[in-house]
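Working notes, structure below.
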Amino acid sequence: MKTMFITGASRGIGRAVAFAAAGRFNIVAVYNKSAEEAESLVAEIKKKGAAAIAVKADVANYAEVLDAYERAVKAFGGVDVVVTAAGIAEQKLFTDITEADWRRMFDVNVTGTRNALAAALPAMISKKRGKLITIASVWGETGASCEVHYSASKAAVIGLTKALAKEVGLSGIEVNCVSPGAVKTDMLAGFSAADLAALAADTPLNRLGTPEDVAAAVMFFAENAAFITGAVLAVNGGFHI
Ligand code: NAP
């Protein structure tokens with residue numbers, strides 16, 4: 001069975017991807033702070049007779065990501081698909097964003113994405129096979145007020161995806177991006193009910209997304225997509241871009 005290495009698997013979108021892929025892939029669930037959630041995810045997957053391990057890594061730290069990747073290889077013999085769902089968000093006026101806020105946003109969202117892909121790529125290039133799936137955001141496409149550092153980091157993820165797709169296409173590796181709109185996870189916990197209702201009302205499909213909506217698009221790239229690379233698939237209910 002093929003193996004999927006998922007960052008941000010402990011909660012939200014990454015967790016939904018892990019559940020969607022369980023039984024079809026061996027799951028490597030990468031978490032940072034949410035050890036309990038990651039262990040419960042693995043226990044639930046194993047209860048269904050599928051294979052999964054939880055490994056801890058701060059995606060911003062390349063040594064930790066390499067270690068997590070090595071543990072995945074030891075457990076399952078290799079990694080076929082990488083999904084980079086780990087990410088952070090923050091709402092602040094641009095003038096209130098400190099240098100440390102800015103750096104952390106890019107360390108996690110951009111360097112974290114780079115680190116997971118860089119760990120897996122050498123073996124994929126040798127095998128001439130592999131799928132890399134990044135997670136951006138509609139804010140990376142449109143820009144969001146009070147989320148300049150987040151929007152910029154997600155725009156960088158889109159640029160990274162498109163450029164890397166061109167570089168590794170000859171090696172048979174597909175690099176694609178899923179770009180969600182507003183999705184009901186802990187990431188939106190800071191939004192008021194009125195803000196969430198306004199976001200849903202601004203969405204042509206008139207609701208917020210679910211982690212499962214995003215996981216379905218990730219599974220398309222992981223399993224069904226062929227001759228597609230450098231694509232950015234919007235999973236945003238038609239949110240105006
Ligand atoms: P979430 O529920 O807040 O979960 C975030 C996940 O990222 C957690 O599993 C967390 O792991 C992990 N993470 C955060 N910092 C990390 C680090 N330094 N190292 C390793 N893992 C780290 O968020 P979500 O909504 O599922 O978001 C997943 C991705 O989708 C993010 O990239 C986000 O930007 C993107 N996205 C979300 C929305 C939305 O509306 N929710 C919209 C567009 C895009 P621990 O808890 O274990 O630390």
Side-chain angles (χ1 to χ4, degrees), residues 5-20 27-42 54-69 82-91 103-117 119 133-144 147 149-158 160-161 177-191 195-196 198-200 202-203 207-215 217-218 232-237 239 241:
F5 183 92
I6 310 164
T7 69
S10 47
R11 295 186 289 113
I13 290 169
R15 188 180 185 88
V17 171
F19 278 127
I27 302 298
V28 181
V30 182
Y31 68 95
N32 187 32
K33 294 183 181 154
S34 303
E36 249 175 58
E37 287 86 344
E39 292 303 342
S40 79
L41 168 84
V42 166
V55 289
K56 186 191 172 324
D58 177 346
V59 292
N61 181 322
Y62 192 40
E64 289 187 23
V65 176
L66 279 175
D67 184 57
Y69 174 77
V82 177
V83 181
T84 59
I88 55 171
E90 187 177 44
Q91 288 79 43
R103 278 192 195 285
R104 187 66 189 157
M105 188 63 72
F106 274 72
D107 283 351
V108 175
N109 289 1
V110 186
T111 307
T113 298
R114 173 267 170 199
N115 286 345
L117 305 187
I133 304 163
T134 61
I135 307 290
S137 163
V138 66
W139 299 148
E141 300 173 77
T142 63
E147 296 197 54
H149 53 348
Y150 179 77
S151 301
S153 75
K154 291 299 181 174
V157 168
I158 291 172
L160 183 162
T161 305
C177 177
V178 175
S179 183
V183 179
K184 266 187 109 170
T185 67
D186 296 343
M187 193 166 268
L188 298 189
F191 286 70
D195 286 343
L196 293 178
L199 271 174
D202 279 346
T203 302
R207 66 170 175 89
L208 299 178
T210 65
E212 291 72 26
D213 293 330
V214 183
V218 170
V232 180
L233 180 55
V235 181
N236 62 22
F239 202 90
I241 291 183

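Remember, it's 1-based here, ligands and their atoms both numbered in the order they're listed. Keep in mind the model is a prediction, meaning the values are calculated, not measured.
No donor-acceptor pair closer than 3.5 Å links the side chain of Thr111 to the backbone N or O of Ala60. In this structure, Asp202 contributes its side chain and Leu199 its backbone to no donor-acceptor pair below 3.5 Å. In this structure, the side chain of Ser137 does not engage the main chain of Ser179 through any donor-acceptor pair within 3.5 Å. Formation of a donor-acceptor pair under 3.5 Å by the Glu64 side chain with backbone atoms of Asp58 is found in this model. Side chain of Thr7 to main chain of Ala86: a donor-acceptor pair is present (N/O by atom type, distance under 3.5 Å, no hydrogens or angles). Judged purely by atom type and a 3.5 angstrom limit, Lys154 uses its side chain to pair as donor or acceptor with the backbone of Ile135.
Of all atoms in ligand 1, numbered sequentially from 1 with element shown, those under 4.0 Å from a heavy atom of Tyr150 are 33 (C), 34 (O), 35 (C), 36 (N), 43 (C), 44 (C). Every atom of ligand 1 with a heavy atom of Asp186 under 4.0 Å away is listed here by number and element: 2 (O). Within ligand 1, counting atoms from 1 as listed, the ones closer than 4.0 Å to a heavy atom of Asp58 are 17 (C), 18 (N), 19 (N). Within ligand 1, counting atoms from 1 as listed, the ones closer than 4.0 Å to a heavy atom of Lys33 are 45 (P), 47 (O), 48 (O). Counting the atoms of ligand 1 from 1 in the order shown, those under 4.0 Å from a heavy atom of Arg104 are 18 (N).
Atom NZ of Lys184 is surrounded by 12 or fewer heavy atoms from other residues, nucleotides or ligands within 6.0 Å.
Proximity of Arg114 to Tyr62: side-chain heavy atoms (C-beta onward) are separated by under 4.5 Å at one or more points. By the 4.5 Å heavy-atom criterion applied to side chains, Asn109 and Phe106 are not counted as neighbours. Considering only heavy atoms from C-beta on, Phe191 comes within 4.5 Å of Gln91 through its side chain. Looking at heavy atoms from C-beta onward, Leu188 lies out of side-chain contact with Val183 at the 4.5 angstrom threshold. The closest side-chain heavy-atom distance from Tyr150 to Met105 is below 4.5 Å.
Remark: Arg15 does not engage Asp186 in a salt bridge, criterion side-chain N to carboxylate O under 4.0 Å.
The residue from Gly12, Gly8, Gly87 that puts a heavy atom closest to atom 5 (C) of ligand 1 is Gly87. Nearest-heavy-atom check against atom 38 (C) of ligand 1 across Ala116, Gly181, Ser179, Ala9 picks out Gly181. The heavy atom nearest to atom 25 (O) of ligand 1, considering only Thr185, Thr84, Leu199, is found in Thr185.
The distance criterion of under 3.5 Å between nitrogen or oxygen atoms is not met by Val138 with respect to ligand 1. At under 3.5 Å, a nitrogen or oxygen of Ser34, whether backbone or side chain, sits near a nitrogen or oxygen of ligand 1. Inclusion of Tyr31 in the set of residues having an N or O under 3.5 Å from an N or O of ligand 1 is not warranted. The shortest N/O to N/O separation between Leu188 and ligand 1 does not fall below 3.5 Å. In terms of polar-atom proximity, Val108 is not counted as a contact of ligand 1, lacking any N or O under 3.5 Å from an N or O of the ligand. Considering backbone and side-chain atoms alike, Gly14 places every N or O at 3.5 Å or more from each N or O of ligand 1.
Of the protein's non-hydrogen atoms, the one nearest atom 26 (O) of ligand 1 is Ile13 N, 2.7 Å. Among protein heavy atoms, atom 40 (O) of ligand 1 sits closest to Val183 N, 2.8 Å. With respect to atom 31 (C) of ligand 1, the closest heavy atom belonging to the protein is Ala85 O, 3.4 Å. The closest protein non-hydrogen atom to atom 3 (O) of ligand 1 is Arg11 NH1, 3.3 Å. At the shortest separation from atom 19 (N) of ligand 1 among protein heavy atoms lies Val59 N, 2.9 Å. Scanning the protein for heavy atoms near atom 9 (O) of ligand 1, the closest one is Ser10 OG, 2.8 Å. From the protein, the heavy atom lying nearest to atom 21 (N) of ligand 1 is Ala86 CB, 3.5 Å. Atom 27 (O) of ligand 1 has as its closest protein heavy atom Met187 CE, 3.8 Å.
Contacts with ligand 1 closer than 4.0 Å are made by side-chain heavy atoms of Ile88 only, the backbone lying farther away. No part of Trp139 comes within 4.0 Å of ligand 1, judged by heavy-atom distances. Residue contacts with ligand 1 for Ala57 involve N, CA, C or O but no side-chain atom from C-beta outward (heavy atoms, distance under 4.0 Å). Counting heavy atoms under 4.0 Å from ligand 1, residue Lys154 touches it through the side chain alone. With a 4.0 Å cut-off on non-hydrogen atoms, Lys56 does not touch ligand 1 at all.
In this structure, Ala60 falls outside the shell of residues with a heavy atom less than 4.0 angstrom from ligand 1. Not a single heavy atom of Met105 sits closer than 4.0 Å to an atom of ligand 1. At least one heavy atom of Ala182 sits closer than 4.0 Å to an atom of ligand 1.
Every residue two or more places apart in sequence or in another chain that forms a side chain to side chain contact (heavy atoms under 4.5 Å, CB included) with Glu39 is listed here: Ala54. With sequence neighbours left out, Ala155 forms a side chain to side chain contact (heavy atoms under 4.5 Å, CB included) with no residue at all.
The closest side-chain donor-acceptor pair between Thr161 and Thr134 falls under 3.5 angstrom.
Here Arg104 contributes atom CZ and Ser153 contributes atom OG; the two are 12.5 Å apart, rounded to the nearest 0.5 Å.
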